[in-house]
Amino acid sequence: MADTATIEPGRDFIRDIVQADLDAGRASRIVTRFPPEPNGFLHLGHAKSICLNFGVAKEFGGQCHLRFDDTNPVKEEQAFIDSIQRDVAWLGFSWGEHLYHASDYFEQLYEWAEHLIRTGHAYVDDTPPEAMRAQRGTLTEPGQNSPFRYRSADESLDLFRRMRAGEFPNGARVLRAKIDMASGNMNLRDPVLYRILHATHPRTGDAWRIYPTYDFAHGQSDAIEGITHSVCTLEFEDHKPLYDWLIEHLPVPARPRQYEFARLNISYTVLSKRILTTLVRDKHVSGWDDPRMPTLAGIRRRGVPAAALREFVGRVGVARANSVVDVAMLDSAIRDTLNPSAPRRMAVLRPLKLIVENYPEGETETLEAINHPDDPAQGTRPITFGRELFVEQDDFMENPPKKFYRLSPGKEVRLRYGYYVTCQSVEKDADGNVVALRCTYDPETRGGNAPDGRKVQATIHWVAAADAVPAEIRLYSHLFNRPDPGADGDVMADLSADSLEVLTGCLVEPALASAPAGEAVQFERTGYFCADPDGTPERPVFNRTVGLRDSYAKVRTPGR
RNA sequence: UGGGGUGUCGCCAAGCGGUAAGGCAACGGAUUUUGAUUCCGUCAUACGGAGGUUCGAUCCCUCCCACCCCAGCCA
């Protein structure tokens with residue numbers, strides 16, 4: 001990939017911190033982690049975190065762990081654990097031996113919880129959830145101490161063990177840290193460390209009846225794994241004092257540090273697991289891998305290569321300011337990644353018959369088409385030319401406006417890698433629709449060059465009726481019809497009605513019939529596409545990955 | 001009105017006291033058998049606002065304004 005545009009890895013505040021820690025000897029080897037909760041598919045926001053965590057580790061000669069934050073069995077599934085591993089690997093990163101689960105540490109975490117109780121830093125609270133909420137106070141008023149806060153360590157210990165033994169129903173009691181109910185930071189108002197959950201865990205099965213909360217599990221897991229830089233998103237900033245408090249009050253083997261960066265937002269896109277889950281559940285999309293989804297699985301199926309995502313993430317950068325990246329930046333990264341390598345092919349999305357009147361009936365000939373204009377190594381392929389062809393409906397106008405360079409009555413254009421043809425007349429149906437163009441060709445222009453040096457204003461793509469293959473082509477556009485979906489409250493109300501357009505009468509050149517699913521090709525003058533697994537060699541199906549830039553679109557429809 | 005953050009070009013984002021990188025978008029122009037690509041060029045006297053310190057401030061101080069996050073036994 002030509003990467004004059006690629007950002008030099010190594011210049012964002014996280015990397016600055018890492019570099020400084022290395023220089024100052026605060027860390028000898030960098031260890032990061034990517035800690036997804038297996039309750040959904042990974043999306044573009046995760047891609048940013050993955051590239052950051054794995055990227056930093058790689059650049060500084062360290063390692064990055066893949067750790068499942070599986071502390072809430074009611075939401076987590078093995079299927080998600082599998083998809084996450086698939087997606088991280090596809091993105092191009094390797095965790096090597098370092099695949100972990102917070103659940104691997106449940107026994108150790110439990111012991112540390114008892115330690116906190118014994119040292120007077122945690123207590124079992126019998127307060128019901130609603131009452132606890134009321135006692136917590138508000139953003140501007142301090143909370144009230146729970147009456148159980150002063151319970152003896154022995155009593156708490158006994159109760160905590162019985163919680164583990166499964167003696168109590170869900171919600172009956174929790175283990176809480178004893179910190180400060182008057183803190184301005186809500187997370188320090190005696191946060192819950194353990195709750196009773198009679199649920200089967202994807203990995204530990206029914207071994208546990210109590211599960212640690214995120215706050216109690218995350219930092220300690222980091223410490224166990226020797227994570228040096230625990231990088232998370234901004235909303236966890238308020239949790240850092242608690243993260244540090246727990247590390248300080250527990251005999252953990254290491255002292256990890258948390259750093260926060262702004263999560264990724266993209267215009268016309270939603271990156272909320274909750275909403276993505278709803279889209280799948282309510283069948284607004286065909287599944288987690290619907291090509292319109294911002295999930296890695298969806299994007300992959302759409303034909304976007306992992307390298308394009310890495311490029312995109314690199315261009316976006318890492319900072320602490322909330323922002324919304326223009327989706328055009330993603331499209332641009334995709335095109336820039338695909339352009340140098342994607343083989344060129346011809347495909348007619350909306351066919352219009354073109355009859356070459358002066359071409360002998362029943363005959364065809366073979367011409368040679370270049371596979372990539374900037375990469376001769378990709379060679380050439382044979383294409384068939386004949387009397388009956390198909391061109392794009394958009395490439396003809398009976399009454400063309402001033403700047404229309406393509407076909408119109410009396411006008412000559414070049415058929416790519418074919419001949420110059422001139423439109424002599426049109427055939428219409430009873431309703432007056434143009435159903436065929438009657439043209440003549442100049443036999444002297446074989447291959448596309450006129451010996452007399454005359455020029456044409458346009459070169460258009462085409463396929464031969466003789467061997468074109470019928471295909472289905474799926475055109476995707478933004479799932480949402482406004483740059484800030486949900487800004488008015490209801491995200492679903494902003495779902496676009498035409499994010500998917502299925503074209504069934506398409507005709508593609510024979511070379512495309514055998515295109516392997518997922519491999520990018522460029523349909524000349526149209527966009528980048530890839531075969532979808534739904535297709536067959538007899539009737540291939542293509543997904544539009546992204547369209548080509550189209551400056552004519554601006555002439556045609558000024559002002560978007 | 002509590003605590004924690006953030007404000008640099010339409011959108012991202014560098015900048016770490018010495019006089020505003022880069023990318024995306026946009027707009028010109030050259031090349032072109034993709035109105036693609038490529039290539040040139042234009043695009044912040046200005047860094048949320050007001051004061052102050054300094055020879056000099058986007059970078060330091062003060063005050064103000066705007067926006068984001070936090071009251072799950074979610075992560």
Side-chain angles (χ1 to χ4, degrees), chain A residues 2 5-8 11-12 16 35-37 39 69 71-72 74-75 125 127-129 132-134 136-143 170-176 182-189 191-197 210-211 213-215 217-218 232-241 260 262 267 273-274 314-333 335-336 339-340 344 346 370 373-374 403-406 414-418 420 447-449 456-461 483 522-527 548-556:
Chain A
T6 304
I7 307 283
E8 277 277 303
R11 275 297 70 88
D12 57 62
D16 287 345
E37 181 189 13
N39 66 345
D69 229 332
T71 58
N72 186 358
V74 317
K75 288 186 175 177
D125 193 339
T127 308
M132 197 178 292
R133 196 181 317 127
R136 190 153 28 230
T138 68
L139 294 178
T140 53
E141 304 158 33
N170 288 354
R173 291 175 226 267
V174 293
L175 179 72
R176 291 228 260 171
S183 174
N185 182 342
M186 301 297 291
N187 294 298
L188 262 22
R189 321 249 264 223
V192 171
L193 269 21
Y194 266 92
R195 73 282 212 191
I196 297 169
L197 247 32
I210 56 173
Y211 291 92
T213 55
Y214 162 83
D215 287 306
H218 202 94
C232 61
T233 44
L234 252 26
E235 65 269 28
F236 291 99
E237 190 150 29
D238 289 344
H239 292 247
K240 183 152 59 183
E260 314 82 19
S267 60
K273 257 200 249 182
R274 199 196 97 243
R315 291 184 189 187
V316 167
V318 180
R320 286 176 62 86
N322 292 318
S323 61
V324 180
V325 173
D326 190 338
V327 71
M329 229 195 262
L330 209 211
D331 293 342
S332 168
R335 290 191 198 101
D336 287 352
N339 177 49
R344 266 96 239 238
M346 291 201 282
I370 290 167
D374 306 320
K403 289 285 204 172
F404 189 81
Y405 300 154
R406 286 109 97 149
R414 170 166 44 228
L415 294 178
R416 176 141 241 223
Y417 300 127
Y420 281 17
N449 285 304
V456 287
Q457 269 190 125
T459 298
I460 66 176
H461 60 279
Q522 185 197 93
F523 289 179
E524 294 213 49
R525 303 207 309 132
T526 306
L548 253 29
R549 277 182 58 192
D550 181 6
S551 55
Y552 177 63
K554 288 162 196 161
V555 179
R556 193 166 32 199

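Here the structure is a predicted model, which is why all the values come from computation and not from measurement. In what follows, chains carry the letters A, B, and so on, assigned in the order in which the sequence lines appear, proteins first and then strands, with residues in each chain numbered from 1.
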Worksheet item: Is Arg133(A) near enough to rG72(B) that one of its side-chain N or O atoms lies under 4.0 angstrom from OP1 or OP2?
Response: yes

Fill in: Partner residues of His461(A) under the ring-ring contact (aromatic ring centres under 6.0 Å, His included) criterion, sequence neighbours left out
none

Item to complete: Please name all residues satisfying side chain to side chain donor-acceptor pair (under 3.5 Å) with Glu235(A), sequence neighbours left out, ordered by chain then number.
Response: Thr233(A), Arg263(A)

Worksheet item: Are OP1 or OP2 of rA36(B) and a side-chain N or O of Thr526(A) less than 4.0 angstrom apart?
Response: no

Practice prompt. Look at Arg195(A) and rA75(B) and indicate whether a side-chain polar atom (N or O) is within less than 4.0 Å of OP1 or OP2.
Written response: yes

Fill in: Distance below 4.0 Å between Arg335(A) side-chain N/O and rU34(B) OP1 or OP2
no

Using atom types as modelled, flag every donor-acceptor pair under 3.5 Å from a side chain in residues 317-326 of chain A to any protein atom, sequence neighbours excluded.
from      : atom 1 : to        : atom 2 : distance (Å)
Arg320(A) : NH1    : Glu260(A) : O      : 3.1
Arg320(A) : NH1    : Glu260(A) : OE1    : 3.2
Arg320(A) : NH2    : Glu237(A) : OE1    : 3.2
Arg320(A) : NH2    : Glu237(A) : OE2    : 2.5
Asp326(A) : OD1    : Ala328(A) : N      : 2.9

Item to complete: Examine the base of rG35(B) for any acceptor or donor lying under 3.5 Å from a partner atom in the side chain of Asp550(A), and report the outcome as yes or no.
Response: no

Discussion item. Would Tyr552(A) count as stacking on rG35(B) if stacking means ring centres less than 5.5 angstrom apart and planes tilted under 30 degrees?
Written reply: yes

Worksheet entry | Heavy-atom protein contacts under 4.0 Å, nucleotides 5-11 of chain B, coded B base, S sugar-phosphate only, - none | SSS---B

Fill in: side chain to side chain donor-acceptor pair (under 3.5 Å) partners of Ser332(A), counting only residues at least two apart
Arg315(A)

Item to complete: Using the test ring-ring contact (aromatic ring centres under 6.0 Å, His included), find all partners of Tyr417(A) that sit at least two apart in sequence or belong to another chain.
Response: none

Discussion item. At less than 4.0 Å, is any side-chain N or O atom of Ser551(A) found next to OP1 or OP2 of rA36(B)? Yes or no.
Written reply: yes

Worksheet item: Under 4.0 Å between a side-chain N or O of Arg549(A) and OP1 or OP2 of rU37(B)?
Response: yes

Worksheet item: When you match Gly184(A) and Tyr417(A) each to their closest nucleotide on RNA chain B, which lands nearer the 5' end?
Response: Gly184(A)

Worksheet item: Considering only heavy atoms and no angle criterion, is a donor-acceptor pair shorter than 3.5 Å present between the side chain of His461(A) and the base of rA36(B)?
Response: no

Worksheet item: Between the main-chain N or O of Asp238(A) and the side-chain N or O of Asn187(A), is there a donor-acceptor pair closer than 3.5 Å?
Response: yes

Worksheet entry | Pair assignment for rU54(B), Watson-Crick or G-U wobble, requiring both distances under 3.5 Å | none

